[in-house]
Amino acid sequence: MDIKKLMKQAQAMQANMAKAQAQLAERSYVAETAGGKIKATADGTGMITALSIDPAVVDPDDAEFLSSLVLKAVQDALNGAKNMAEAEMRKVTGGLGFPM
């Protein structure tokens with residue numbers, strides 16, 4: 001086993017992972033609920049970057065329902081962003097399962 005070759009491969013993979021993570025920070029995933037009236041956007045690092053709520057779905061007498069819709073949109077956005085990031089990292093690592 002050639003240690004120098006292995007070290008070069010590891011360094012190249014590390015550089016590719018850093019590049020992929022930087023690119024993921026610029027990508028986003030949008031999730032919608034209530035027929036698109038509530039939208040949550042997460043970036044590839046798992047941060048919620050935007051949330052929009054159409055005033056038509058705001059009912060002061062049913063804030064709990066609105067909260068559940070917002071929570072669903074946020075959860076879907078985070079899950080979508082996570083899946084997007086995992087897919088990109090699998091491309092870089094060849095499916096070796098390295099943590100992000």
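Since the structure is predicted, the reported quantities are computational estimates derived from the model, not experimental observations.
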**Asked** Is there a side-chain contact between Lys5 and Ile3 (heavy atoms, below 4.5 Å)?
**Response** no
**Item:** Connected via hydrophobic side-chain network under 4.5 Å: Phe65 and Val57
**Value:** yes
**Message:** Would Gln21 and Glu88 count as a side chain to side chain contact (heavy atoms under 4.5 Å, CB included) here? Give the steps.
**Reply:** CA-CA 9 Å; Gln21 287 172 331; Glu88 288 302 311; over 6 Å; no
**Asked** Shared ILVMFWY cluster between Val74 and Ile53, side chains joined below 4.5 angstrom?
**Response** yes
**Prompt:** What are the two closest non-hydrogen atoms of Ala31 and Ala77, and how far apart are they?
**Reply:** CB-N, 3.4 Å
**Asked** Does one hydrophobic cluster hold both Ile38 and Val30, with members joined at side-chain heavy-atom distances below 4.5 Å?
**Response** no
**Interatomic distance, Ser67 atom OG to Lys72 atom NZ [nearest 0.5 angstrom]** = 15.5 Å
**Item:** Gap between atom CG of Asp76 and atom OH of Tyr29 - 0.5 Å precision
**Value:** 7.0 Å
**Prompt:** Under 4.5 Å between any side-chain heavy atoms of Met89 and Leu24, yes or no?
**Reply:** yes
**Complete:** What one should report as the nearest heavy-atom pair of Leu69 and Ala34 is CD1-CB, 4.0 Å
**Message:** Any non-hydrogen side-chain atom of Ile48 less than 4.5 Å from a side-chain atom of Thr41?
**Reply:** no
**Message:** Using the rule that Ile, Leu, Val, Met, Phe, Trp and Tyr join whenever any side-chain heavy atoms are under 4.5 Å apart, tell me whether Leu66 and Leu51 fall into a single cluster.
**Reply:** yes
**Message:** Can you tell whether the side chains of Lys37 and Glu32 come within less than 4.0 Å, N to carboxylate O?
**Reply:** no
**Fill in**
Rounded to the nearest 0.5 Å, the CG atom of Asn16 sits from the CD atom of Gln23 at a distance of 9.5 Å
**Item:** Flag if over 12 foreign heavy atoms under 6.0 Å of CD, Gln14
**Value:** no
**Request:** Compare every heavy atom of Gly44 with every heavy atom of Met84, then report the nearest pair and how far apart it is.
**Result:** CE-CA, 3.8 Å
**Item:** Flag side-chain contact, heavy atom, 4.5 Å: Glu86 against Lys82
**Value:** yes
**Prompt:** Has the side chain of Asp43 got a donor or acceptor atom that lies under 3.5 Å from a matching backbone atom of Gly46?
**Reply:** yes
